[in-house]
Each structure stands twice: as structure tokens, then as C-alpha cells.
Amino acid sequence: MPNWSEGTMKIRGPVDNVINYISEAFVYIDSQGQKIETTQTVTVSENFSDFYTITLKPSEKESQKKVDGLYIKGTTRGFIDETRFSLDFWREGEELIVEIQNLKQAWKVDAQEYVWLSKKNEVDLKIFAFEKGSEFTQIIEIIKGKITIDLKQKYINYNWEVPFNGLGG
């Protein structure tokens, strides 16, 4: 059984690009971790003048299956630990920033696995991951398919130096 890196992923880009990324990047999984291939629906609704909610849900036909989370396509055991989720995002000029909580990936996050969909959808990604068992954190930034930051840091006193030090392990 692996240790898990846990954290958050941010997605930045024009609204249509962000929606395309979200609809392409995630696949529903059942309680045994098996992929449930679905036609996903992504809807955007405006709550306030610059605050939105995105909801991702399986098609009507697939909605009767027991869903336990989302697999991130192209990754080695990368998941979003939610059965159904809403994402809040904020407008910065013409771009939107989405933050997805509950990112989990076996052992560590491999930045290279996230490049292809970032490039295809012309979005930027920022990942913050914490791994308590091996006592390291990661910061990854990918700008439209190019890795600009891929930092893995170890600590002398992980429990003291690291915020959210209970994540991962």
C-alpha cells in the first residue's frame, strides 16, 4: 500500500478552457477503484457578479452507479476524493481560477503526467501536495503545458515547519 500525497490543485484560464479541462481530466470511479466511463456534464452558474460554481456530474444512465470519487486521466493513481463536487472559482480579468480540494496521488505528484491536458486545453495548473509519511511537500506549476516549477522539499522537523502537516502519509 502506498503513502499518499494530498493537497490541492488550481486551474487557471478562460472559462471555456477551464470547463474543457475539467470535463476531460476527470473520470468517475466506483468503490473498487474501477473507472466508470461516462458522458460528463459540466455546468456553470453565476452566483454573484464575479463568483461562479461549476458542477460536474455523470450522465443520467451512469448516475445510478455507486460513485466514490474521480480519477485524474493520465496519472499514476491520481484522484479527487469526492463523489460529487462543486468548484468555486474567481475571475481575474478574462481568466478564471478554480481550486479543487482533496487531491490525492500515490507516493508523489509527477508533474509530467499533468502536462498534456494543460497544453491541450491551454490552462495553467498549480498543485500543492503534502506527504507526511516521507515528510516532504511539493509545489508544481504548469503554464499552458510547460512545467515552470517542480519543487519537492524535505524538512528537518516536518510537524513544526509544514502547514497542513496531517495530510498525506
Side-chain angles (χ1 to χ4, degrees), residues 4-29 35 37-59 67 69-132 136-153 162-168:
W4 290 93
S5 290
E6 294 184 51
T8 183
M9 174 170 53
K10 292 183 180 186
I11 306 164
R12 178 176 66 184
V15 66
D16 290 340
N17 296 25
V18 170
I19 289 170
N20 289 339
Y21 179 87
I22 291 169
S23 65
E24 286 185 50
F26 306 124
V27 177
Y28 285 91
I29 55 172
K35 296 174 192 169
E37 296 293 340
T38 67
T39 305
Q40 298 173 138
T41 304
V42 179
T43 57
V44 179
S45 58
E46 187 171 348
N47 294 334
F48 302 103
S49 61
D50 62 350
F51 190 72
Y52 298 81
T53 300
I54 290 179
T55 303
L56 177 66
K57 62 182 182 178
S59 65
V67 174
L70 298 165
Y71 165 71
I72 304 168
K73 284 185 186 176
T75 66
T76 305
R77 297 174 73 185
F79 302 95
I80 304 297
D81 193 13
E82 291 284 325
T83 56
R84 180 174 172 267
F85 67 100
S86 292
L87 308 171
D88 295 324
F89 58 104
W90 299 264
R91 182 181 296 272
E92 280 192 357
E94 294 300 311
E95 295 190 317
L96 300 169
I97 298 174
V98 175
E99 184 168 13
I100 301 172
Q101 304 278 326
N102 302 320
L103 172 74
K104 289 180 75 173
Q105 190 153 356
W107 302 112
K108 68 178 184 71
V109 177
D110 181 350
Q112 197 62 46
E113 295 178 340
Y114 291 82
V115 167
W116 71 283
L117 273 176
S118 167
K119 185 174 186 174
K120 179 180 179 191
N121 292 289
E122 295 185 7
V123 296
D124 307 332
L125 303 175
K126 185 164 276 204
I127 298 170
F128 299 94
F130 302 86
E131 211 291 79
K132 182 178 180 142
F136 68 85
T137 61
Q138 289 182 270
I139 300 174
I140 294 170
E141 182 180 71
I142 302 168
I143 305 295
K144 293 174 184 56
K146 184 175 191 260
I147 299 170
T148 56
I149 299 171
D150 189 0
L151 176 65
K152 179 179 171 186
Q153 183 166 345
V162 176
F164 312 109
N165 63 335
L167 292 176

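The heavy-atom pair separating I143 from S118 by the smallest distance is C-OG, 4.4 Å. Residues Q105 and T75 come closest through the heavy atom pair NE2-CB, 3.9 Å. Shortest non-hydrogen contact noted between N165 and K132 is O-CD, 3.2 Å. Minimum interatomic distance between R12 and V18 (heavy atoms only, all atoms of both residues): C-CG2, 4.2 Å. Of all the heavy atoms in I142 and Y114, the pair that sits closest is CD1-CB, 3.6 Å. In terms of heavy atoms, I140 sits closest to Q138 at CD1-NE2, 4.0 Å.
The CE atom of M9 sits 14.0 Å away from atom NZ of K126, with the distance rounded to the nearest 0.5 Å. A distance of 9.5 Å separates CD1 in I127 from CG in D150, rounded to the nearest 0.5 Å. Considering CD1 of I22 and CD1 of I11, their distance stands at 4.5 Å, rounded to 0.5 Å. Taking CZ from F26 and CD1 from I100, the interatomic distance works out to 3.5 Å, rounded to the nearest 0.5 Å. Distance check: K10 NZ to L103 CG gives 13.5 Å after rounding to the nearest 0.5 Å. Here the straight-line distance linking atom OG1 of T8 with atom CD of E99 works out to 3.5 Å at 0.5 Å rounding.
A heavy-atom distance below 4.5 Å is not found between the side chains of V98 and Y21. Looking at I80 and I72, their side chains come closer than 4.5 Å, going by heavy atoms from C-beta outward.
No side-chain donor-acceptor contact under 3.5 Å links E24 to the backbone of L117. Remark: the backbone N or O of I19 is paired with a side-chain donor or acceptor of S23 at under 3.5 angstrom. Distance alone, capped at 3.5 Å, places no donor-acceptor pair between the T137 side chain and the A129 backbone. The closest donor-acceptor contact from the side chain of D124 to the backbone of K144 lies under 3.5 Å.
A ring-ring contact (aromatic ring centres under 6.0 Å, His included) with F130 is found for one member of F136, W4, F164 and no other, namely F164.
One side chain, T148 or E141, offers a donor N or O that lies under 3.5 Å from an acceptor on the other.
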